[in-house]
Amino acid sequence: MDHATAVEEAVKKFYLSGDNEVHAWLLQAQASQEAWTFVWQLLDSSKPAEVQYFAATTLHSKISKQWEEVPKSEYLDLQSRILNLLKSPHTSNVALSRLCQSLAAYMANYSISQKSQNKEKCMVEELVEVLPFNSSETVSLLVRVLEAIAREFDRRSTKQLKLGESVLVNWQKVSWILEQIFLTCSQMNDDTSNALYLSSIECTVSWLKLGPLPLDTIGRIIPHLLAAAARYLPNRDEFEFESSQGIESVQECLTMVVTHAELYKRPQLFWEWAKSLICMVKEQGAHHYYEILTAFGEAHSRTLLLAISNCETMNEEQKWTAQQLIEFLLECSEQDGRYPIDEKRSCIPFSFWFALQDDVNMLDPPLDRQAVFALKPIYARLTQALLRKSTLPSSSSEAGSSDDRELFRCYRQDVSDTLTYCYNVLHEDLLILLGQRLSQTHDDVSKWPHVESTIHAFKAVCDCVGSQESHYVPAIMDLMFSHIPYDVYPKEVLCCACSAVRDWAEWIGQHPDPWLARSMQLIEIGITSGPVSAPAAGMALKDVARECEPHLAPLAPSILETIGRSLENVTPGGGEGLRLMYAAGKLLNALNDQPELQMKHLEATIGQSVLKLNQYLQMPVEQSQQAVVNHLKMITMFFTTLEGPIGNAVLDALLPIFQGIVNHPEWGREPNTLEAMHKCAQKSLASLTQPETEAKPLLEMLSVSYRRHAHPAALDFLKQLVLLFGRDPSNMIGPVLAEVSGLTLQGVAACRNANASLSELSELLDAYLGLLAQICKKNARLLLQMPEQLPDMLHCGMACLTLPEPSTVKAAGSFLTHAITQSPHLQTFIQPIGQDLVGVILQCVGGIAPSNNLEPYAEVLLALNKTCPEWTSQWLKAALIDNSESAEARAQKDSFTQDVLRERTNKRRLCERLRDFSLQCRQARVGL
């Protein structure tokens, strides 16, 4: 079987099976010298289309990447062969595009070789000589190759930075050719001319993507681009699917032209193009061109803003042009119908409205005032449109599919953002408008979506209004709290009002009287009104409680009663329950000077979870495990905000539960429950007024729990206890730490004795090594109380350096680094393991560890360099010695050793040196 036949069979096999080995073989065949021969056999018209495509792809690859293999004497023969295939009616369509790219690559390489011989013709001129304007077929090929040449320039631009001049010279010729083609095609309207027109547009797009081309040359074709937009875009739905890409290219091409980066520097040309665009759009109907108009407006928003602001340098024609563009985009935002059910275009101009108002801030007086005056009626009209367009559907049938609902949710967020832009222009006028809408009579219940959208708008502008506004916001707040019949309207209105209270929580905190009490009344209604409003009311309560904590005392009893009633109905552990617990802690803090009242409401809130925990712990684990975890999470959230003496009361109530869990034969080994319990116990520490004495019972609980089931969360909890009790004169923490550490090391030893991977213990080891690192850094004397465990700790850290889990390696590196540098008394334990430690690090760097995770090893080496440089030098040399190596390899290792020893402060530089060494080892240039 000859080479061509073998390749053909391989291509067929790959297309049938997608076999990776076959693919790898085909790639080798493409790169081989024989490819120059077999491509011509495989491009024969008798071959299947997929074989021709592979051959054409191979030819393009060879010309692009291995041009040096073509003898100069065969340049013209190669060109002739490609041209014959391009012109052949039997060449498959799938291969034709690749052959055009092949000819483009050939022309690029051939042009470079010609320049070396001082030939003056540019690439496009040479192409026209071989593909002259002598038939429609040849012109079509010429356009496709011109497009491929643009892509060839783009591909080479990443490697060659001096293509600019060549691009410009060739673009001058291309723009003239395209102009002639557009002129010819505009006089016809058959399928052939349409195809050539669209192909020429795609070619133009490829050239424009090369960068900001000269405006004068673009000026040749812009009338034709406008004509193409008028010709195709209004009728885009009538074209066949195959033409759709070309139709989209019309829009892309015109967009790139009107957003040209240099256009604003040529005012006369800018307004000439702008007027031509606006006149074409006005004639054809703006709804076909909203994307182009938005892109143009956004790119030149400052120029347009100056034009409508009665700037002295602008004439009436320019002002009319700018106003007309803005009018078109206002009409786009105002479109009738619901988005996205009835229409999908009103979202297009959002970016333009941002850019236009943003430019106001860049103007100097008095232009800024003139601009605001000109923009006010525009943004007032836009605000009215947004309020109408953002109304919720009045029924589920209007909402559409789930995808439609998600699109509308995103659209509504864009509306909120745009309303803040409107406020930046309108200021108090927008608040007046919202107040007028809310003050209307509410007799017609069907108008509820308009009320809800008004509150939604009020919510949207909270960040830009500021907390000091005290005239219009109170008026709107009063209307929202007292004028709206929430009991009559659907709960979506109440839900939005609660969300507005949440967003205005900071303002309420600055103006608590009377707005805090009134907002709490609304929140209570929201919490108790069912599942639609309760989540929003819970979030509002959480934020208001945080922002208004100093003013909560008078309102706390009432709200706590509501929370207590609501907790009976919420799902434990869900977002709503967690938010209510957060607020309950804040409200109880407000009653610190009323301990009896505080304890009463403590029982009504947290007491419910304690009671239910006792009930669930009597049930089978598999039946109630999730409920136990959820209630522990709620209590944990409660502890995050709780302050004052009642923290100890809560912990006292929980201790029997914790003890019941750890002493139970099943609960004491259930991982999720243990994790939730330890996190809850850990959070309780911050709520205790005298944690040094009140938290003592937790030490015994931790010991018993870890003895029965070693859990990472217990070690995280122990880190906090070490900080709390570490310097206690009675050394209560020492025995607990020794026991927990000993149990962990026993588990590590058992794992290694069973030839199991320490990766199975990675989460536990992360927490254990993190604990040891903190002790080394904060209170190393605790480790010195366990001298018999220290060697095993260090060996555990070394072993973890070799694991594939990045977090475990990082924790091991941190522990070893702190053990070496932060604890001088531990250095006597470092010397015996130093040689092994350096050896492990070099093995990891040399191939075991990923090259992007070398920082932990660099940290340990830096620590060794700082504390014991002489030992480190000996250890490095001993680890790297290999008498059988070449002199070059030994020299590289010596250089590496010196580089490492030289670095004592710069971790980044040492990481780079380790990365270089790792690469050398992986390439087998240096052996370990």
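Here, residue 1 is the first one in the sequence, and each next residue gets the next number. Side chains are part of it too, since the values below use all heavy atoms of this structure and drop only hydrogens, waters and symmetry mates.
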Take Phe658 and Cys680 through the side chain to side chain contact (heavy atoms under 4.5 Å, CB included) test and state the conclusion after the steps. CA-CA 10 Å; Phe658 292 164; Cys680 184; 4.1 Å; yes

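- Rounded to the nearest 0.5 angstrom, Thr872 OG1 and Asn865 CG are separated by 5.5 Å.
- Using a 4.5 Å cut-off on side-chain heavy atoms (C-beta onward), Leu655 and Leu698 make contact.
- In this structure, the side chains of Asn672 and Gln625 come closer than 4.5 Å at one or more pairs of heavy atoms.
- Between the side chains of Gln785 and Asn731, at least one donor N or O sits under 3.5 Å from an acceptor N or O.
- Thr641 contributes a side-chain N or O that, together with a main-chain N or O of Tyr582, makes up a donor-acceptor pair within less than 3.5 Å.
- With no hydrogens or angles considered, a side-chain donor-acceptor pair links Glu805 and Ser759 at under 3.5 Å.
- A donor-acceptor distance shorter than 3.5 angstrom exists from the side chain of Ser918 to the backbone of Val845, with no hydrogens or angles considered.
- Of the possible polar contacts, none joining the Glu8 side chain to the Leu42 backbone as a donor-acceptor pair under 3.5 Å is found.
- In this structure, the side chains of Glu739 and Leu743 come closer than 4.5 Å at one or more pairs of heavy atoms.
- Once rounded to the nearest 0.5 Å, the distance linking CD1 of Ile733 with NZ of Lys696 reads 12.0 Å.
- Side chain of Ser741 to backbone of Leu737: no donor-acceptor contact under 3.5 angstrom is found.
- Qualifying ring pair (Phe, Tyr, Trp, His ring centres under 6.0 Å) partners for Tyr106, counting only residues two or more places apart in sequence or in other chains: Trp67, Tyr110.
- Heavy atoms of other residues, nucleotides or ligands lying less than 6.0 angstrom from CD of Glu788 number more than 12.
- Between the side chains of Gln626 and Asn630, at least one donor-acceptor pair of N or O atoms lies under 3.5 Å.
- When the shell of 6.0 Å around NZ of Lys62 is examined, it contains more than 12 heavy atoms from other residues, nucleotides or ligands.
- Every residue was checked against the ring pair (Phe, Tyr, Trp, His ring centres under 6.0 Å) condition with Phe725, not counting sequence neighbours, and none meets it.
- Gln30 and Thr58 share a donor-acceptor pair across their side chains, judged by distance under 3.5 Å alone.
- Of the N and O atoms on the side chains of Ser705 and His678, at least one donor lies less than 3.5 Å from an acceptor on the other residue.
- A distance of 8.0 Å separates CD of Glu675 from NZ of Lys633, quoted to the nearest 0.5 Å.
- More than 12 heavy atoms of other shown residues, nucleotides or ligands fall within 6.0 angstrom of atom CZ in Arg781.
- The salt bridge (charged side-chain N to carboxylate O under 4.0 Å, His left out) test applied to Lys683 returns no partner, not counting sequence neighbours.
- Under the 4.5 Å side-chain criterion, counting only non-hydrogen atoms from C-beta, Val7 is in contact with Phe54.
- His709 and Leu674 make their closest contact through CD2-CD1, 3.5 Å (heavy atoms, listed as atom of the first residue, atom of the second, distance).
- Using a cut-off of 4.0 Å between Lys/Arg side-chain N and Asp/Glu carboxylate O, Lys907 and Glu855 are scored as salt-bridged.
- Contact record, His711 with Leu764: C-CD1, 3.8 Å, taken as the closest heavy-atom pair.
- A salt bridge is absent between Arg909 and Glu912; no separation between the charged side-chain nitrogens and carboxylate oxygens falls under 4.0 Å.
- Using a 4.5 Å heavy-atom threshold, the side chains of Tyr53 and Tyr15 count as touching.
- A donor-acceptor contact shorter than 3.5 Å links the side chain of Thr867 to the backbone of Ala863.
- At distances below 3.5 Å, at least one donor-acceptor pair connects side-chain atoms of Tyr857 with backbone N or O atoms of Leu801.
- Remark: the Thr673 side chain and the Glu670 side chain contain an N/O donor-acceptor pair separated by less than 3.5 Å.
- Contact detail for Ala773 and Ser814: the closest heavy-atom pair is CB-OG, 3.6 Å.
- Applying the 6.0 Å contact sphere to CD of Glu21 captures no more than 12 heavy atoms from other residues, nucleotides or ligands.
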Walk me through whether Thr821 and Leu862 qualify under side chain to side chain contact (heavy atoms under 4.5 Å, CB included). CA-CA 9 Å; Thr821 58; Leu862 280 177; over 6 Å; no

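- By the 4.0 Å N-to-carboxylate-O rule, Arg913 lies too far from Glu903 to be salt-bridged with it.
- In terms of modelled atom types and a separation under 3.5 Å, the side chain of Gln835 and the main chain of Trp875 share a donor-acceptor contact.
- At least one donor-acceptor pair under 3.5 Å links the side chain of Gln774 to the backbone N or O of Lys719.
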Walk me through whether Tyr768 and Leu745 qualify under side chain to side chain contact (heavy atoms under 4.5 Å, CB included). CA-CA 10 Å; Tyr768 177 63; Leu745 292 173; 3.5 Å; yes

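- Here the closest non-hydrogen pair linking Met732 and Leu699 is CB-CD1, 4.0 Å.
- Among all heavy-atom pairs drawn from Lys778 and Arg727, the shortest one is O-NH2, 2.8 Å.
- Donor-acceptor pairing under 3.5 Å is recorded for the side chains of Glu69 and Trp36.
- Using cut-offs of 30° and 60° for the angle between ring planes, the His664 and Trp667 rings count as perpendicular.
- The backbone N or O of Ala681 lies less than 3.5 Å from a partner atom in the side chain of Ser684, making a donor-acceptor pair.
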What do the steps show when you test Thr744 against Tyr706 for side chain to side chain contact (heavy atoms under 4.5 Å, CB included), and what is the final call? CA-CA 9 Å; Thr744 308; Tyr706 202 80; 2.6 Å; yes

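- Checked by atom type and distance alone, the side chain of Arg98 never pairs as donor or acceptor with a backbone atom of His60 at under 3.5 Å.
- Looking at Met793 and Met786, their side chains come closer than 4.5 Å, going by heavy atoms from C-beta outward.
- One distance of note links OG1 of Thr808 with CD of Glu763; it measures 8.5 Å at 0.5 Å rounding.
- With contacts defined as side-chain heavy-atom distances shorter than 4.5 Å, the pair Thr802/Gln843 does not qualify.
- Under a 4.0 Å N-O distance rule, the pair Asp899/Arg902 qualifies as a salt bridge.
- Separating the CE atom in Met637 from the CG atom in Leu632 is a distance of 13.5 Å, to the nearest 0.5 Å.
- The distance from the CG atom of Leu842 to the CG atom of Leu876 is 6.0 Å, given to the nearest 0.5 Å.
- Contact record, Ser687 with Leu642: CB-O, 3.5 Å, taken as the closest heavy-atom pair.
- Between Thr37 and His3, the closest side-chain pair of non-hydrogen atoms is not below 4.5 Å.
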